[in-house]
Structure formats: structure tokens, C-alpha cells
Chemist: 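Dumping the structure here so I can ask a few things about it.
Lettering follows sequence order; numbering is per chain, from 1. What's counted below: heavy atoms across the whole structure, side chains too, no hydrogens, waters or symmetry copies.
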Number of protein chains: 2
Amino acid sequence: MAQKSVEPDYPPVICTVDVVLLTLKDQALHVVLLKRKNEPFAGTPALPGGYIHTQEDKTAWEAAARVLRDKTGIVSPYLEQLATYSGADRDPRGWSISIVYYALIPLEMLPLDNNGLLLAPVSKLPKMPFDHKGIVDLAVLRVRSKSQYSSLPVYLCGERVTLPQLQVVYEAVLGEPINKVSFRRKIDELGMLEPIEGELETGAAHRPAQVYRLRSAYKRELSLVQRGINS
Amino acid sequence: MAQKSVEPDYPPVICTVDVVLLTLKDQALHVVLLKRKNEPFAGTPALPGGYIHTQEDKTAWEAAARVLRDKTGIVSPYLEQLATYSGADRDPRGWSISIVYYALIPLEMLPLDNNGLLLAPVSKLPKMPFDHKGIVDLAVLRVRSKSQYSSLPVYLCGERVTLPQLQVVYEAVLGEPINKVSFRRKIDELGMLEPIEGELETGAAHRPAQVYRLRSAYKRELSLVQRGINS
DNA sequence: GGAATAGTGTCTCTAAGACAGTATCTA
DNA sequence: TAGATACTGTCTTAGAGACACTATTCC
């Protein structure tokens with residue numbers, strides 16, 4: 001409305017969203033990358049991202065969800081804002097903003113057929129355009145840090161999970177072994193899981209494990225504990 | 001550069017920064033507000049904020065620092081990104097982004113003379129435009145949460161501080177009493193303070209307290225502990 | 001000396017980790 | 001039955017909180 005009357009006409013800002021989509025493969029965090037179709041850096045693997053469409057997207061969160069859906073086919077993962085990167089020099093096209101979100105998803109839910117999705121281990125990232133490497137590093141830091149006292153890693157698991165499976169996931173994310181008894185005490189304290197009555201994970205040559213599912217209250221919201229899960 | 005050839009011309013996004021400047025007064029967190037000079041909401045107290053000036057600001061952080069300097073005279077506080085608010089409906093002028101930063105400052109360093117700065121207790125905020133109330137609430141949450149395991153509250157103190165003074169600050173921020181012995185153990189563990197040799201806070205009718213200063217390594221960076229400062 | 005708060009030594013108590021024992025499956 | 005891992009009971013240990021005692025100032 002009164003915008004132009006208030007401030008001088010500065011060159012416009014390029015407004016984009018990017019998504020750090022993380023999954024667990026071979027006990028290690030991996031990030032989903034896409035070969036860029038457009039310049040700059042066409043052909044290089046990069047984070048899924050795109051312009052904010054002001055007539056389509058109500059918010060930047062919705063823009064990120066749309067980008068994720070359109071570029072990877074993934075519909076409603078745990079999607080949370082990470083940080084906003086900005087500046088004159090980060091994009092050769094000009095002064096730009098990227099509102100970055102991160103998402104977690106079980107490997108099985110990734111459509112990895114032949115739609116161009118690449119998986120890169122976060123410990124050994126390929127050359128990436130813009131400041132995407134730093135962005136992935138920050139996302140991993142955030143996920144590790146939040147996992148220390150929350151239910152965040154359950155979003156890396158499928159609907160059904162056993163405690164031994166979940167412990168392996170936590171250990172992979174945190175990068176350190178966890179005491180079994182303490183781990184179970186903490187998961188109990190978090191209260192996000194409920195046992196599926198009578199359902200046991202059989203098939204292995206040992207006592208079967210109880211199968212749990214995420215309580216519906218925590219499908220979209222984290223559960224927290226005061227003191228960390230490990231130490 | 002090739003921007004327009006890649007995407008259709010969407011209506012531009014209004015790109016702004018806002019700053020939640022917090023201080024401690026009467027043992028309670030207060031936020032600094034300014035009466036808006038321009039429409040919309042001219043005359044209403046609001047967070048200091050303004051447009052990103054793409055020819056002047058190298059990054060959004062610099063834009064926030066500039067806004068703070070120009071509107072309040074404060075030069076280099078602890079200034080960190082909080083979150084980015086965005087959407088079609090939050091600003092009557094159109095689709096907007098606000099990259100929000102928060103800053104902490106000792107009350108004595110606030111130029112509260114007659115330059116229009118208002119102080120509002122965060123527990124009883126006045127009517128504020130846009131989504132500023134929610135923004136302040138999030139900033140307070142963030143500060144409380146970070147204060148549980150970091151040196152963040154020292155930025156609310158002046159250069160010289162005693163441990164009893166600092167404990168009062170922590171208790172005000174966290175909103176709960178802290179065990180004195182544990183508190184001192186934790187501050188020692190944080191390792192951010194060094195005693196000023198021979199300098200004691202005298203003048204009161206009791207044993208004087210040792211005066212400390214912030215080690216230079218922590219002037220701009222937080223110190224962290226694994227387990228919380230209280231419980 | 002009395003009052004007040006600073007600073008410290010030490011005991012208690014809570015909760016995390018270690019360890020080992022029992023449970024229950026496959027081969 | 002042997003081997004493997006799930007689950008659980010309980011002891012040990014680390015660290016947070018409680019309490020009390022000494023230190024040092026002003027009045």
C-alpha cells in the first residue's frame with residue numbers, strides 16, 4: 001500500500017525457502033539433495049528450494065511444504081524453521097534471503113526411485129552451491145542438540161518401533177552409545193510412546209521386543225525432558 | 001541477473017528486520033518499544049524495526065544492528081537471530097517477511113532520556129501491532145531456555161559483577177530461586193568470569209563481595225554447560 | 001558486639017550408569 | 001538345549017540441594 005511512499009526504492013530482495021531433509025541410512029544421517037535445474041549452479045546437487053510464491057503461499061512454512069511436495073513428493077513430515085540466511089553475496093543474482101526449514105523422515109518414506117533424489121552422508125557432503133554446506137551443518141547441529149532432550153528422533157522411525165530400534169536411532173543421531181536402562185527410563189519419562197497391545201517383533205533368534213507407536217498427541221509436537229537423555 | 005527469466009513476476013515481498021531488545025528492571029525482564037512514526041499503526045508502541053536496505057546492509061544481521069543503532073543509539077549488544085516471521089496477512093501492506101533478532105543489554109546502557117524509548121514488562125505487554133506480541137513471547141522463551149545452561153544472562157549485567165548480583169539476575173530471568181552453592185559451582189564450571197584481583201564491592205553492612213569481569217573470550221560468545229544451572 | 005550478607009565445607013538425596021539376572025524367541 | 005537379545009531389579013556413583021559454619025563489613 002503505502003510502501004513506496006515510506007522508503008526509497010531499493011533493489012528488490014530475492015526471497016526463497018530451502019529445506020534440509022534428513023534421514024537415517026546405515027546408521028548415519030543423510031541429507032536429500034537435488035540436481036539444480038536452473039542457473040545459477042545448474043546441474044549441481046543442492047538443497048530443495050525455491051522462490052516464495054506470494055499468491056500461492058500463505059506463509060514461508062507453506063512455501064517450504066510446497067517446495068518439498070513438488071520437488072520430492074513428500075507430503076507432511078516434521079517441518080520446522082531452522083534459520084534465515086541472507087546477504088548481498090550469497091547468491092550471484094543479488095541480495096537474497098533464504099528461510100531455511102529442516103525436516104526428518106524415515107528412509108522408507110523417501111521416494112528414491114528415479115526422480116533424481118540424491119542422498120549424501122552429512123559427514124561427507126559433496127560440493128554444494130551457495131552457503132548450503134553451512135546450512136546442512138547447522139541443521140545437523142540443531143537436530144543433535146534437540147535430540148538430547150526430546151522425542152525428535154522418532155520422526156526418523158516408521159509408525160511402529162521397538163525400544164531397541166529406537167535406541168539405535170538415538171545413538172546414531174547423537175553419535176554416542178547410551179546406557180540401556182537410562183534410555184528406557186527417559187523414553188518412559190518422555191511419555192510419547194504407547195505399546196501396541198500384544199504386538200511383538202518376532203522373527204529373530206531371541207526374545208521378541210514389544211512394538212510401540214507414537215501417541216497421537218506427539219505426531220506433530222515434541223515431547224521434552226528436563227535433563228538430557230544421555231548424561 | 002537471470003532472475004526474471006526463471007520465475008514469473010510475483011508481487012514483491014516486503015523485507016524487514018525487527019529487534020527484541022530486552023533488559024532487566026526491578027528484577028523483571030522488560031522489552032524496549034518505540035512509538036511508530038509511519039503507517040500502518042503510526043503512534044503505537046512497537047518493536048524497533050525497519051526495511052532491509054540492500055545497498056547499505058551486507059546482511060540481515062547488519063540491518064538489525066543498523067536499525068538498533070539508528071533508532072535507539074545502542075551500538076554493539078549481544079545480537080542474535082530469533083526467528084523469521086512471514087506471511088500474507090501479518091502486514092496490511094502485503095506479503096511480508098520480518099527477520100527478528102533479539103538483544104540483551106544492561107539497563108544502565110539504555111539511553112532512556114527523552115528519545116521516545118518505552119520500557120514494557122514482558123509479563124504485561126501493551127497492545128502491539130502486527131504479530132509483535134507473539135514475537136516478544138518467543139524471545140522471552142528463548143532467553144529463559146538458553147539461560148538454563150549458558151552464560152547468556154551476563155549480557156544483562158554491566159562490566160563488573162559480583163556473584164550474588166549475577167545470581168539475582170539468573171533468578172529473575174529463570175523466574176525461580178537457585179541454590180547458592182550449586183549456582184557458584186555452575187558459574188565456576190562455565191568459566192566465563194574472572195575475579196578482578198583485590199576489587200571488592202564494599203559499602204554494605206556485611207562482608208564485601210568479590211568483583212568479577214567477563215573473560216574477553218566470552219564477550220561475544222556464550223559459554224555452555226551440559227546439565228542445567230538449576231536442577 | 002550485633003546484624004547482615006559473602007563465601008565454603010560437608011552431608012543428604014536424587015538420578016544416571018553398571019551389572020547381572022530372568023524371559024522368550026530361533027535353530 | 002544353545003545362543004541371542006529383550007527386559008528388569010538393584011547396587012554404585014556422580015552431582016544437585018540443604019544446612020551450617022566461618023569471614024568480613026557497617027553501625
Side-chain angles (χ1 to χ4, degrees), chain A residues 27 147-151 154 157 160-172 174-213 223-231, chain B residues 27 147-151 154 157 160-172 174-213 223-231:
Chain A
Q27 317 264 44
S147 297
Q148 281 174 352
Y149 58 93
S150 82
S151 58
V154 300
C157 302
R160 303 163 65 267
V161 72
T162 67
L163 294 185
Q165 285 166 4
L166 186 59
Q167 180 167 354
V168 167
V169 170
Y170 266 90
E171 288 173 338
L174 296 177
E176 55 186 9
I178 308 177
N179 178 279
K180 181 171 57 165
V181 178
S182 304
F183 178 74
R184 281 157 183 262
R185 275 194 291 242
K186 282 297 178 180
I187 296 302
D188 184 56
E189 190 185 336
L190 280 166
M192 71 223 172
L193 296 181
E194 59 186 357
I196 306 180
E197 286 301 330
E199 196 156 339
L200 302 178
E201 186 82 353
T202 57
H206 53 77
R207 175 174 174 179
Q210 173 68 50
V211 177
Y212 292 80
R213 82 175 132 236
S223 173
L224 309 174
V225 280
Q226 174 78 5
R227 330 216 346 196
I229 283 166
N230 206 11
S231 100
Chain B
Q27 317 264 44
S147 297
Q148 280 174 352
Y149 58 91
S150 82
S151 58
V154 300
C157 302
R160 302 164 66 268
V161 72
T162 67
L163 293 185
Q165 285 166 3
L166 187 58
Q167 180 167 355
V168 167
V169 170
Y170 266 90
E171 288 174 337
L174 297 178
E176 55 186 10
I178 307 177
N179 178 280
K180 181 172 58 164
V181 179
S182 304
F183 178 74
R184 283 158 181 262
R185 275 195 290 241
K186 282 296 179 183
I187 295 303
D188 184 55
E189 190 185 337
L190 279 165
M192 71 224 173
L193 296 181
E194 58 185 359
I196 305 179
E197 286 302 330
E199 197 156 336
L200 302 177
E201 185 82 352
T202 58
H206 54 77
R207 174 173 175 179
Q210 172 67 50
V211 177
Y212 292 79
R213 82 175 133 233
S223 173
L224 309 174
V225 280
Q226 175 76 3
R227 330 213 350 192
I229 283 166
N230 207 11
S231 101

Chemist: By the 4.0 Å heavy-atom rule, please label K180(B) as base, sugar-phosphate, or nothing.
Modeler: base

Chemist: So how far is it from E176(B) CD to Q148(B) CD, rounded to the nearest 0.5 Å?
Modeler: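 Atom-to-atom, E176(B):CD and Q148(B):CD are 7.0 Å apart.
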
Chemist: Without decimals, in angstroms, what is the distance between Q148(A) CD and dA16(C) C1'?
Modeler: 15 Å

Chemist: What's the spacing between E194(A) CD and Y212(A) OH if we round to 0.5 Å?
Modeler: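 Answer rounded to 0.5 Å: 11.0 Å.
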
Chemist: Donor-acceptor check, side chain of S223(A) to backbone of S151(A), threshold 3.5 angstrom: yes or no?
Modeler: no

Chemist: Output the rounded distance in Å from CZ (R184(A)) to P (dG9(D)).
Modeler: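 Those two atoms, CZ and P, are 12 Å apart.
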
Chemist: So R185(A), base contact, sugar-phosphate only, or nothing? Heavy-atom distance under 4.0 Å.
Modeler: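 The answer is base, as R185(A) lies within the cut-off (heavy atoms under 4.0 Å) of a base atom.
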
Chemist: Within residues 197-212 of chain B, which residues have any heavy atom lying less than 4.0 Å from an atom of DNA chain D?
Modeler: A204(B), A205(B), H206(B), R207(B), P208(B)

Chemist: Between the base of dA16(D) and the side chain of N179(B), is there a donor and acceptor pair under 3.5 angstrom?
Modeler: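 It does not, because no donor-acceptor pair links the side chain of N179(B) to the base of dA16(D) below 3.5 Å.
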
Chemist: Does V181(A) reach the side chain of R185(A), with side-chain heavy atoms less than 4.5 Å apart?
Modeler: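 Yes, side chains in contact.
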
Chemist: Would you kindly compare K186(B) and V181(B) by the position of their nearest DNA chain D nucleotide and give the one closer to the 5′ end?
Modeler: K186(B)

Chemist: To the nearest Å, how far apart are Q167(A) CD and dG17(C) P?
Modeler: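 Distance check: Q167(A) CD to dG17(C) P gives 11 Å.
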
Chemist: Starting at atom CD1 of I178(A), determine the distance to atom C1' of dA15(C), rounded to an integer number of angstrom.
Modeler: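 Going from I178(A) (CD1) to dA15(C) (C1'), I get 16 Å.
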
Chemist: What is the distance, to the nearest angstrom, from the CD atom on Q226(B) to the P atom on dA15(C)?
Modeler: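 Interatomic distance, CD of Q226(B) to P of dA15(C): 17 Å.
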
Chemist: For residues 201-211 of chain B, run the donor-acceptor check on the side chains, cut-off 3.5 Å, and write out each pair with its distance to 0.1 Å, sequence neighbours left out.
Modeler:
unit_1  : atom_1 : unit_2  : atom_2 : d
Q210(B) : NE2    : I196(B) : O      : 2.9
Q210(B) : NE2    : E199(B) : O      : 3.3

Chemist: Please table the atom pairs, donor to acceptor, closer than 3.5 Å between any side-chain atom in residues 162-170 of chain A and protein atoms at least two apart or in another chain.
Modeler:
unit_1  : atom_1 : unit_2  : atom_2 : d
T162(A) : OG1    : Q165(A) : N      : 3.2
Q165(A) : OE1    : T162(A) : N      : 3.1
Q167(A) : NE2    : E171(A) : OE2    : 3.2
Q167(A) : NE2    : I178(A) : O      : 2.8
Y170(A) : OH     : S150(A) : O      : 2.6

Chemist: When the distance from CD of Q165(B) to P of dT5(C) is rounded to whole Å, what number comes out?
Modeler: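 So the CD-P distance, Q165(B) to dT5(C), works out to 14 Å.
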
Chemist: How close or far is atom P of dT8(C) from atom CZ of F183(B), stated in whole angstroms?
Modeler: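 Computing the F183(B):CZ to dT8(C):P distance gives 14 Å.
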
Chemist: Could you give the CD1-to-P distance, from I187(B) to dA6(C), as a whole number of Å?
Modeler: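 One finds 15 Å between P of dA6(C) and CD1 of I187(B), rounded.
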
Chemist: A side-chain contact here means heavy atoms from C-beta on lying under 4.5 Å apart; do L193(A) and I187(A) qualify?
Modeler: yes

